[in-house]
Structure formats: structure tokens, C-alpha cells
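Everything below concerns the one structure shown next.
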Amino acid sequence: LNKRILSGIAPSGIIHLGNYLGALRNWVALQDRPQTDCLYCVVDLHAITVAQKPENLRKSILNTAAICLAVGIDPAKSPLFLQSEVPEHSELGWILNCHVYFGELSRMTQFKDKSQKQEAATTAGLFTYPALMAADILLYGTHLVPVGEDQQQHLELTRDLARRINNLYGETFQVPDALIPEHGARIMGLDDPKQKMSKSAPSELNYIALDDSPEKIRKKFKVAVTDSGREVVFDEEKKPAVSNLLTIYSVAAGVSMGEAQRRFEGKGYGDFKKELAEAVVAYLAPIQERLRGWQSRPDDVRDVLRDGAKRARELAKPKLDEVKAKLGLGLWPAPVGGRK
Ligand code: ATP
Ligand code: LTN
């Protein structure tokens, strides 16, 4: 039996280098792993946990899907779909909402961060969203979930929920594992190396968007925060900013951390940042070229999402039916198993 891979990305304005190095890059690599079936999802229902302007959300959905295609998601291998087009996600999300504890959700650090930072009112959706994320994953019998480090806690909760349902109603869900990359799992902000690079950062100097122009990329690295001292060495304790930049360099230039450090021996931060910017410009150039292609063909992007949703629904429906039957929901079929 093949291993099922599933992951999701929120369509919120920009997609940044952290999203790419922490998640998207692995989504692409996994497509070619033998005996795996990948499914990738643009999670628009997660986006509305915070206020969205409808016309902006529409644009972000299309742009996020175009970015997924531009980085190399091949819809012939891996269905790419929009979460709200597969209503089974919302339905299972509600069921899981009724099995997750208030205390568990209260411990989620992402909720604590986001509800504190937000100026607008905190919605119940923002609080319960890990249950919907668990539904995204469990609906497809997922084995592996490629994500950045910040999603580890949500994955743990998903595993707990899968085991809880299995204990209550009999074997129902595959218990999934997070797949977190060795390098790039937590890219930090360029203007603040203590916080992760984030699309909701107040300043655009925090991140490199995948569609930033070469000029913008050069400027952002030029003004990026560095540490005291002058040596370009990897030391997360003493040199968090430089270590973050070195991580980006080593991935973008395709060299080991050892080699990256060797290249900048005896050079200062200024030279390092210049070479770093050129490495990232070159690294993103082919992605940006493909992105322009997809952006000029929005109907093709919609077709990909439509086809993806059709294939995803075929997979999701039987699992949801099984869950409903096991819980005793609906008129038919009769409950199987039943709550112990
Ligand atoms: P933000 O906090 O920036 O609003 P998010 O984590 O809500 O972003 P998503 O679009 O939902 O963003 O995340 C998509 C993927 O990118 C997830 O797998 C997440 O773990 C990963 N990711 C997000 N930020 C980073 C980062 N700074 N470094 C590495 N991976 C990241
Ligand atoms: N919550 C995730 C995005 C996400 C996801 C998923 C990731 C939603 N559903 C399912 C993996 C699997 C985030 O990065 N904020």
C-alpha cells in the first residue's frame, strides 16, 4: 500500500521563503518518492479565521495555487485543490471539534500568539482551527505531513485526536507523522531573528516573498539585521541573525553549512549579504519565470483546482461516510461499532 502525503498552505497574500524552505520545497521532492501518493491543498477555510476582504481572498487563492504550480507541484502526480471545494473537510472538522477539548486548544501556542497580536476580535474559528486542520489530514488516511517546525504542535494534536476516535469507535484513522525538514524548518525574520519569518509580520522587511523582484531581494538582504562581531559563522546562540542568513545561503546555493562558512572566511557581513542576495535571486529566478506563466493563464489554474477537488472528493467521501456511520449519525447506514 502506498504512503499518503498531504499538506496545506493558507492563501494569505504573500508566500515567503520560509514557506518554501520549510514546506513547499518538500512537497515537490516527495512527489518523486516511490510508493507515495501526494495531495496538496490551498486552505481557504483556514484563511477566514482572521478577517479577509473577499476580493483579496479570491486573488490570494489564485496566486497561492499558481505559486504551488510554479515551485513544481505537478497536478498530474499530485492533486492540488481548494479546501472549500471539498465540503467533507468542514463536516469532519465539526465532528472533530466535538472531540477536541477546550484545554487542548487553549495550549496551542499559535493561537496564543495570533490572538494576542490581533487587533480585531478573536474569532471562535481561530481557536478551533486545529480541529479543521486535523480533518484535512485524517480525511485521507494520511501517513506523512510535510510542514515547518511551527506546525509540530498541531500535528501532535491531530495524532491525539486520531487515537481518541480510534479508541472510542474502533480503528478509523491512520495516525499521521509530521515530516519536518532537517534544514530550513524554521526560517527567522530578516528584521527580527528571534521570531519566525511570517507573512503577518508588520514590516515587509521581515520576509522575502517568492515573487519579490531582484531589486527588492537585494535591498531586503542589505538592510537585514546582523549580530555583533564580524565573522560569518553558524552559532544559533551567539549569532542568531547570521545563522539564519547562512541557513538560507546554504539551501539557495546548494552547499553544506560547512562549505557555506568556508566561503566567507575572512570576509565581512557586507560581502556575505551581497553574495547571499545573488544566490537567492538566482535560486528564485526559474520559479518566478514559471509563476509569470501561470499568472497569465488564470483559467488553467482554476482548471487544476477543479480537477483536484474532484479527485480529492472521491477519496474523502467514503472516509466521512465511515466516520458518520460509526458515530451513529444520519439515517443510514446503521451505526457500526458505536461509542464504547
Ligand atoms: P504566518 O505565520 O506567516 O502567517 P503560517 O504558518 O500561518 O504563516 P501557512 O501558509 O499556513 O503559514 O504555512 C505553510 C507552511 O509553511 C507550513 O508548513 C508552515 O510550517 C511553513 N512555514 C511557515 N513559516 C515558516 C518559517 N518561517 N520557516 C519555515 N517554515 C515555515
Ligand atoms: N495550519 C497550517 C496549514 C494547514 C495544513 C493543513 C498543513 C492547514 N491544513 C493540513 C498540513 C496539513 C499552517 O501552516 N498554518
Side-chain angles (χ1 to χ4, degrees), residues 4-27 30 38-50 52 60-61 63-65 67-68 71 81-84 86 89-90 92-93 96 108-115 117-118 125-126 128-140 142-159 161 176-204 206-210 244 247-248 251 312:
R4 162 72 61 205
I5 312 268
L6 177 135
S7 197
I9 186 159
S12 24
I14 60 119
I15 304 297
H16 55 66
L17 205 52
N19 298 135
Y20 183 58
L21 301 187
L24 290 176
R25 188 166 61 110
N26 275 330
W27 296 16
L30 285 162
C38 301
L39 264 177
Y40 297 120
C41 184
V42 175
V43 291
D44 55 346
L45 294 171
H46 287 289
I48 63 164
T49 55
V50 296
Q52 300 284 346
S60 296
I61 287 170
N63 193 47
T64 303
I67 286 180
C68 290
V71 298
F81 67 101
L82 189 57
Q83 186 186 30
S84 64
V86 183
H89 288 243
S90 306
L92 183 61
L96 295 180
M108 294 295 119
T109 55
Q110 193 180 55
F111 173 74
K112 289 192 240 177
D113 283 356
K114 287 204 173 175
S115 57
K117 277 189 204 142
Q118 230 181 239
L126 187 67
T128 63
Y129 119 116
L132 181 59
M133 173 166 167
D136 301 338
I137 296 167
L138 299 179
L139 206 41
Y140 299 97
T142 304
H143 296 86
L144 287 173
V145 186
V147 282
E149 199 180 87
D150 61 313
Q151 295 302 315
Q152 182 115 38
Q153 199 186 26
H154 293 155
L155 252 295
E156 283 304 323
L157 181 69
T158 302
R159 291 164 59 83
L161 272 168
D177 285 307
L179 192 67
I180 294 172
E182 211 175 309
H183 304 288
R186 190 174 170 80
I187 300 294
M188 310 309 281
L190 300 183
D191 60 348
D192 177 6
K194 296 206 166 51
Q195 307 268 349
K196 71 161 194 153
M197 185 177 281
S198 168
K199 45 182 92 149
S200 34
S203 161
E204 68 161 13
N206 173 271
Y207 54 76
I208 302 289
L210 291 195
N244 185 47
T247 300
I248 296 173
V251 178

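Ligands are counted one by one from 1 in listed order, and the atoms in each one are counted from 1 as well. One is the number of the first residue; the rest follow in order along the sequence. Just so you know, these numbers come straight off a predicted model, no measurement behind them.
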If only atom types and distance count, is the side chain of Gln52 paired as donor or acceptor with the main-chain N or O of Ala47 below 3.5 Å? yes
Ligand 1-proximal atoms of Met197, by part, heavy-atom distance under 4.0 Å: both
Indicate, as side chain, backbone, both or neither, the part of Ala10 found under 4.0 angstrom from ligand 1 when only non-hydrogen atoms are considered. both
Would you say Gly18 and ligand 1 have an N/O pair spaced under 3.5 Å apart? yes
Show your reasoning for whether side-chain contact (heavy atoms from CB on, under 4.5 Å) applies to Ile187 and His16. CA-CA 10 Å; Ile187 300 294; His16 55 66; over 6 Å; no
Quick test of your reading of the structure: of Gly189, Gly148, Pro146, Gly13, whose heavy atom lies closest to atom 17 (C) of ligand 1? Gly148
Any idea which of Val147, Asn26, Asp150, Asn206 brings a heavy atom closest to atom 19 (C) of ligand 1? Asp150
Which protein heavy atom lies closest to atom 12 (O) of ligand 1, and at what distance to 0.1 Å? Lys199 NZ, 3.4 Å
Of the listed options Val145, Leu21, Asn19, closest to atom 23 (C) of ligand 1 (non-hydrogen atoms): Asn19
For Gly184, the ligand 1 atoms with a heavy-atom partner under 4.0 Å come out as 29 (C)
Out of Pro181, Ala47, Ser198, who gets a non-hydrogen atom closest to atom 1 (P) of ligand 1? Ser198
Which of the numbered atoms in ligand 1 are below 4.0 angstrom from a heavy atom of Lys196? 1 (P), 2 (O), 5 (P), 6 (O), 8 (O), 23 (C), 24 (N), 27 (N)
Between Lys114 and ligand 1, which part of the residue brings a heavy atom under 4.0 Å of the ligand: side chain, backbone, both or neither? side chain
Hey, which atoms in ligand 1 end up nearer than 4.0 Å to a heavy atom of Ile9? 10 (O), 14 (C)
Could you establish whether His16 and ligand 1 come within less than 4.0 Å of each other, counting only heavy atoms on the residue side? yes
Sorted by chain and number, the residues that approach ligand 2 to under 4.0 Å with a heavy atom: Leu6, Ser7, Gly8, Val43, His46, Tyr129, Met133, Asp136, Ile137, Val145, Val147, Gln151
Sub-4.0 Å heavy-atom approach of Ser12 to ligand 1: no
